[in-house]
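Order of the sequence lines fixes the chain letters, A, B, ..., with proteins taken first and strands second; residue numbering starts at 1 for each chain. Only heavy atoms go into these numbers, but all of them, side chains included; no hydrogens, no water, no symmetry mates. Source: prediction; values computed, not measured.
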Amino acid sequence: MLDQEYFYITTTLPYINSEPHIGFAAEIIKADVIARYQRQQGRKVFFNTGTDEHGLKVYQKAQAEGLSVAQYCDKYSAKFRPLKEKLNLSYDKFIRTTDSFHKAAAQEFWRRCLANGDIYKKTYEVKYCVGCEMEKTDSELNNGFCPLHPGQKLEIIAEENYFFRFSKYQKQLLKLYEQNDFVIPASRLKEINTFVANGLKDFSISRQRDKMPHGVPVPDDDSQVMYVWFDALVNYISTLGWPEDESNFLKYWPAIQVCGKDNLRPQAAMWQAMLMSAGIKPSKNVLVFGFLTNNGEKISKSSGNTVDPYILVDEYGSDALRYYLLAEIPTFTDGDYSEDKFIARYNADLANGLGNLVARVSNLLEKNEIETNLKPDLSIADIKETVALFKKSMEIYHFNEALHIIWKKISDLNESLSAQAPWKLNDKAEVANILIPLAQSILNLSYLLEPFMPLTSFNIQSQFQNKQIKKGEALFPRLN
RNA sequence: CGCGGGAUAGAGCAGUUGGCAGCUCGCCAGGCCCAUAACCUGGAGGUCGUCGGUUCGAGUCCGACUCCCGCAACCA
């Protein structure tokens, strides 16, 4: 039956230089759907997330807020933890890259890459804007000048850093990409393949400690700390107990990794090369999701149009937010959020669709005092086609389609109920013959819905497994 | 010739092995009255960005073009 007993999925770790935003919420919700679906299939799932806490920006923000780096990290990491309850996530582990076991793992990882001849020292030239008191990369510059200080010439500072021999792994990476589902969707695989085929430059993996002390110490060199990327990526294996707990690690690795499209290179190329260097199998798949816009506009901290997932949950509930993000936006493409769209979706699908159907059927069962004894059963004929189509969509992570298939069935059930009009009948047995199969189908749908809307699924399942099904409270009161 | 994405009904969007063009909202006309002013039926509305090609057949594959949008590595 099951091709594999163990299943491991991980999100990227959000960097704690700001509050949680809707984009990361969308990413982790999709990962949660996959994790819950795999558990339903009977697999032993390990679902990882956490926070990425090293590096210059955190160091500077801590100073700006007048906190020690440790205090700052504790404060901001703690802002991400409530996502679990707020979004009703089922992750198993919340790792912090400042956890001591992680730092030790990152150092061991470094040693293995070093032993393999892939880490070397080189002088690294950085452009430094005195006005910002910050290093600048070329992509941040306008015609070679800092956009904030266009009159000032940038200083070139030479710094001795460790580099990772990324270029060495070009061929192996291209070979890896021959596994044509390594990166999903295919367009992203093509993108990374072209990028790697065009040639790789070794990248810097350390910083001078006297300038930026907030990082994992480089083994056997007190003057340097690891560059944040290098240590952060190792979390995907340190969270499994690598290197100490080899048996647990081997059970779960390799991972399905999910990330936003900005993370394609780090996840699908840099990290994979690092794994190769350390002698560890590459990830199983990298799923690359799109970005969200707010009312058609790019979401950015500077323009102040970020969307706070906590506010939406408090107002509409976690399942409604999950439903919107999963149903309205195709898994791998960019999508848009706006309150108008959210309310329109909510009313059309949740209030008028699912909620109203559940209310109709449960009310009729209660009024007619019809007793039932139901359990979810996906083998019955009525639901078979829906289940088959649903599974097909789930296997390729097309969650919007999977939900569309469920909602098609909801629509069919509404139609069937209207056509049979049991409220016109007097014979109780006849009424029961109409309602019980409908109730059974609702129960089955609620089972399919569990990975997407766990609370609603649970509510419907407990409601419809009672002997005397009762109407109860509205699942999704209509919004005006 | 840097890389990639998009262009489908008034709006917002689905449509991955090529096979009578779909969904939601909105609009019009009926029905029902169990239900969350909900539900059901019917209707108007599209030359699927443009041009060409492959094919019995293309929104779907190939080529060219136009217009929008991201990204352009050590900033995670």
*Hey, what's the ring geometry for A/Phe164 with A/Phe166, parallel, tilted or perpendicular (30° and 60° as the breaks)?*
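Ring orientation, 0 to 90° scale: tilted.
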_Comparing A/Leu350 and A/Glu191 on RNA chain B - which has the more 5′ nearest nucleotide_ = A/Glu191
*Closer to the 5' end of RNA chain B via nearest nucleotide, is it A/Pro14 or A/Thr194?*
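This one resolves to A/Thr194.
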What's the gap between [N] and [M] when it is taken at their [atom1] atoms, as a whole Å value?
N     : M     : atom1 : value
B/G26 : B/C62 : C1'   : 39 Å
B/U41 : B/C51 : C1'   : 43 Å
B/G30 : B/G22 : C1'   : 24 Å
B/C48 : B/C23 : C1'   : 15 Å
B/C20 : B/A72 : P     : 42 Å
B/G63 : B/G4  : P     : 12 Å
B/G12 : B/U54 : C1'   : 34 Å

*Can you tell me if the side-chain N/O atoms of A/Tyr15 get under 4.0 Å from OP1 or OP2 in B/C75?*
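So the side chain of A/Tyr15 is outside the cut-off, no N or O lying under 4.0 Å from OP1 or OP2 of B/C75.
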*Taking only N and O in the side chain of A/Asn347, is any of them less than 4.0 Å away from OP1 or OP2 of B/C25?*
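Answer is no, no contact under 4.0 Å.
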*Can a cation-pi geometry be assigned to A/Lys30 and A/Phe289, taking NZ or CZ under 6.0 Å from the six-membered ring centre and within 45° of the ring axis?*
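Cation-pi check for A/Lys30 and A/Phe289: passes.
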_On a heavy-atom basis, which atom in A/Asp319 and which in A/Phe452 lie closest, and how many Å separate them?_
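Closest pair (atom of A/Asp319, atom of A/Phe452, distance): OD1-O, 4.5 Å.
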*Nearest heavy-atom pair of A/Phe342 and A/Leu321: which atoms, and what distance?*
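Result for this residue pair: CE1-CA, 3.9 Å.
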Which part of the nucleic acid, if any, lies within contact of [X], taking any heavy atom under 4.0 Å across all strands shown: a base, the sugar-phosphate backbone alone, or nothing?
X        : result
A/Asn263 : base
A/Pro477 : base
A/Leu264 : nothing
A/Phe476 : base
A/Ala232 : nothing
A/His404 : sugar-phosphate
A/Lys408 : nothing
A/Gly355 : base

*Flag the pair A/Glu366 and A/Lys471 as a salt bridge only when some basic side-chain nitrogen lies within less than 4.0 angstrom of an acidic carboxylate oxygen.*
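Salt bridge flag = no for A/Lys471 with A/Glu366.
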Nearest to the [X] side chain among [options], which nucleotide is it?
X        : options             : result
A/Glu401 : B/C75, B/G15, B/A35 : B/G15
A/Asn414 : B/C40, B/A35, B/A73 : B/C40
A/Phe195 : B/U24, B/A73, B/U36 : B/A73
A/Glu415 : B/C40, B/G12, B/C75 : B/C40

What are the atom names and distances for every N/O pair under 3.5 Å that joins the protein to nucleotides 28-34 of chain B?
| unit_1 | atom_1 | unit_2 | atom_2 | d |
| --- | --- | --- | --- | --- |
| B/C34 | O3' | A/Asn363 | ND2 | 3.2 |
| B/C34 | O3' | A/Lys367 | NZ | 3.4 |
| B/C34 | O2' | A/Asn363 | ND2 | 2.8 |
| B/C34 | O2 | A/Arg360 | NE | 3.1 |
| B/C34 | N3 | A/Arg360 | NE | 3.1 |
| B/C34 | N3 | A/Arg360 | NH2 | 2.7 |
| B/C34 | N4 | A/Arg360 | NH2 | 3.1 |

Between [X] ([atom1]) and [N] ([atom2]), how many Å, whole number?
X        : N     : atom1 : atom2 : answer
A/Leu403 : B/A14 : CG    : P     : 15 Å
A/Asp336 : B/U24 : CG    : C1'   : 15 Å
A/Asp349 : B/G12 : CG    : C1'   : 13 Å
A/Leu438 : B/A35 : CG    : P     : 16 Å
A/Leu292 : B/G70 : CG    : P     : 15 Å

Nucleotide forming a Watson-Crick or wobble pair with [N], both distances under 3.5 Å:
N     : result
B/C13 : B/G22
B/C67 : B/G6
B/U41 : B/A29
B/C75 : none

*Check whether any side-chain N or O of A/Gln468 sits under 3.5 Å from a backbone N or O of A/Leu365 as a donor-acceptor pair, and report yes or no.*
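Yes, because the side chain of A/Gln468 sits within donor-acceptor range (under 3.5 Å) of the backbone of A/Leu365.
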*Between protein and nucleotides 5-10 of chain B, map the contacts as a letter string: B base, S sugar-phosphate only, - none, heavy atoms under 4.0 Å, written 5' to 3'.*
S-----
*Check step by step if side-chain contact (heavy atoms from CB on, under 4.5 Å) holds for A/Lys168 and A/Met276.*
CA-CA 10 Å; A/Lys168 177 176 158 188; A/Met276 288 168 182; over 6 Å; no
*Can we call the ring centroids of A/Tyr337 and A/Tyr324 under 6.0 Å apart?*
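Yes, ring centres under 6.0 Å apart.
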*Residue pair A/Glu191 / A/Asn193, side-chain donor-acceptor N/O under 3.5 Å*: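 Looking only at side-chain atoms, A/Asn193 and A/Glu191 do not form any donor-acceptor pair under 3.5 Å.
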*Return yes if a side-chain donor-acceptor contact under 3.5 Å exists between A/Arg165 and A/Asn116, otherwise no.*
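No.
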*asked:* Does atom NZ (A/Lys391) have a neighbourhood of more than 12 heavy atoms from anything else shown, all under 6.0 Å?
replied: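 Result for NZ/A/Lys391: open.
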*Residue pair A/Lys121, A/Asp221: steps toward the salt bridge (charged side-chain N to carboxylate O under 4.0 Å, His left out) verdict*: CA-CA 11 Å; A/Lys121 257 188 163 176; A/Asp221 185 345; 3.6 Å; yes
